[in-house]
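Reading through the structure tokens given below for one structure.
Note on naming: letters A, B, ... go to the chains in the order of the sequence lines (proteins, then strands), and numbering restarts at 1 for each one.
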Amino acid sequence: MFLVGSFLKEGIEELKKEQIKLAPRIIIKDEFYETNVIGGVDQAFFDNKIISAAVVCDRKRMEIREREYVIVEAQLEYVPGLLCFREGPAIIEVFKILKTKPDVLLVEGHGIAHMRKFGLASYVGLMLNQPTIGVAKNLLEGRTIDNAIYINEEKRGYELKTRKGAKAIYISPGYRVSLKSSLGIVKSCFREHRLPEPLYLAHRYANKIKRTM
DNA sequence: GCGACAG
DNA sequence: ATCTTGTCGC
């Protein structure tokens with residue numbers, strides 16, 4: 001995947017086709033054993049590099065069990081709808097070095113609340129065969145009715161108002177997690193921040209690493 | 001054609 | 001996402 005300059009435009013069409021081809025493989029059912037260990041991944045950037053940080057917590061107390069990070073070269077610029085191809089590879093690498101694999105992984109970005117049902121969380125889950133949930137800070141596609149996200153008359157996720165005064169966040173299943181469980185699991189991970197704790201911690205960790213560079 | 005557009 | 005100080009508020 002080396003998409004730059006004149007190759008970008010045609011490359012984009014190929015990547016969209018790839019998403020349409022892989023989307024049918026996304027499983028939206030509860031297929032995980034427990035929810036005792038929850039992970040979160042987030043990225044920070046500098047030059048053309050991506051820092052992907054992962055934090056694994058126990059769900060009861062949200063205490064850190066392990067945290068790791070990797071730095072990889074970005075192979076694609078940010079294109080709305082194709083975020084999985086830009087940040088996905090980095091997330092896959094950091095997940096691989098985790099010694100404590102989480103029961104469910106929270107990913108910053110959407111899962112199936114995506115125009116082609118193939119957001120970052122779904123891509124990462126499929127490639128790693130790992131239950132994932134997408135948690136985004138903004139809506140990408142569709143509309144919200146009664147705290148639910150709809151795309152083409154189909155429910156794809158939820159809008160969640162965390163703290164009063166703070167903007168809502170958007171939850172959607174990524175892979176091997178049902179619509180209902182995606183919301184329940186995320187809700188059980190909040191402490192005193194707008195984002196669920198594993199993601200809040202991963203975000204802080206990624207930026208901490210960035211500061212040392 | 002115009003506007004929207006995860007991070 | 002990133003460039004960036006102080007500032008309002010819990």
Side-chain angles (χ1 to χ4, degrees), chain A residues 1 3 8-9 12-13 15-16 18-19 22-23 26 40-54 69-95 105-127 132-144 148-152 156-175 182 186 190-196 198-200 202-213:
Chain A
M1 205 188 312
L3 304 172
L8 187 56
K9 185 175 180 180
I12 284 178
E13 291 312 312
L15 293 176
K16 287 181 179 175
E18 183 72 0
Q19 292 183 317
L22 295 173
I26 298 303
V41 285
D42 186 42
Q43 288 65 243
F45 306 79
F46 71 97
D47 293 335
N48 192 43
K49 295 171 175 36
I50 301 176
I51 299 172
S52 185
Y69 76 88
V70 297
I71 297 178
V72 304
E73 191 79 16
Q75 303 288 29
L76 175 68
E77 65 179 47
Y78 168 67
V79 180
L82 298 181
L83 184 65
C84 66
F85 298 115
R86 173 173 167 79
E87 304 189 5
I91 295 175
I92 288 170
E93 288 309 305
V94 77
F95 185 88
L105 179 69
L106 306 185
V107 179
E108 272 228 27
H110 292 290
I112 60 170
H114 180 279
M115 49 283 265
R116 288 175 292 278
K117 247 179 182 178
F118 206 70
L120 178 61
S122 296
Y123 172 85
V124 170
L126 178 63
M127 299 314 253
T132 60
I133 297 173
V135 179
K137 299 188 290 297
N138 289 291
L139 200 56
L140 169 66
E141 181 79 359
R143 55 179 179 158
T144 171
I149 302 170
Y150 288 90
I151 296 179
N152 303 329
R156 300 284 188 86
Y158 303 92
E159 174 180 53
L160 181 61
K161 299 163 293 299
T162 303
R163 300 171 61 74
K164 51 183 180 183
K167 200 157 76 85
I169 60 175
Y170 302 87
I171 319 296
S172 65
Y175 189 66
S182 67
V186 170
F190 286 103
R191 283 300 174 272
E192 64 264 45
H193 306 287
R194 179 165 82 113
L195 291 175
L199 285 181
Y200 169 77
H203 188 269
R204 273 179 67 259
Y205 188 40
N207 282 306
K208 177 181 180 180
I209 297 304
K210 179 179 178 178
R211 273 185 259 117
T212 70
M213 320 233 36

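For the pair E18(A)/F85(A), a side-chain contact is recorded, criterion being any heavy-atom separation below 4.5 Å from C-beta on. Between L82(A) and R116(A), the closest side-chain pair of non-hydrogen atoms falls below 4.5 Å. Contact check for L83(A) versus Y123(A): no side-chain heavy atoms found under the 4.5 Å cut-off. The shortest side-chain heavy-atom distance between L76(A) and L15(A) falls under the 4.5 Å cut-off. No side-chain heavy atom of R156(A) sits under 4.5 Å from any side-chain heavy atom of H114(A).
With sequence neighbours left out, the side chain to side chain donor-acceptor pair (under 3.5 Å) criterion links Q43(A) to S52(A), E87(A).
Dashed line: the shortest gap from a side-chain N or O of K210(A) to OP1 or OP2 of dT2(C) is under 4.0 Å.
Pairs passing the side-chain hydrogen bond (donor to acceptor under 3.5 Å, both in side chains) check and including a residue from residues 161-174 of chain A, sequence neighbours excluded, read N138(A)-K167(A), N147(A)-K161(A), E159(A)-Y170(A).
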Base contacts versus sugar-phosphate-only contacts with protein, heavy atoms under 4.0 Å: please encode nucleotides 5-10 of chain C as B, S and - from 5' to 3'. ------

Classify every nucleotide of nucleotides 2-7 of chain B by which part a protein heavy atom approaches to under 4.0 Å, writing B for the base, S for the sugar-phosphate alone and - for neither, in 5'-to-3' order. ---BBB

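Proximity of a side-chain donor or acceptor of Q19(A) to a complementary backbone N or O of G81(A) within less than 3.5 Å is detected. In this structure, N48(A) contributes its side chain and E73(A) its backbone to no donor-acceptor pair below 3.5 Å.
Remark: C1' of dT2(C) and CD1 of I50(A) are 14 Å apart, rounded to the nearest angstrom. One interatomic measurement links the two molecules: CD1 of I209(A) to C1' of dA1(C), which rounds to 18 Å at whole-angstrom precision.
The CG atom of L195(A) sits 10.0 Å away from the OH atom of Y200(A) when rounded to the nearest 0.5 Å. The distance from the CZ atom of R204(A) to the CD1 atom of I209(A) is 12.0 Å, given to the nearest 0.5 Å.
Between V135(A) and the choices V107(A), V186(A), L160(A), D42(A), the side chain to side chain contact (heavy atoms under 4.5 Å, CB included) rule is met once, by V186(A).
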Can you give me the dot-bracket string for DNA chain B, 5' to 3', counting Watson-Crick and G-U wobble pairs with both distances under 3.5 Å, using [ ] for crossing pairs and | for partners on another strand? .......

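Nowhere does DNA chain C pair in an unbroken run of 3 or more (Watson-Crick or G-U, both distances under 3.5 Å).
Annotation for G125(A) and Y175(A): closest pair O-CD2, 3.3 Å, computed over non-hydrogen atoms.
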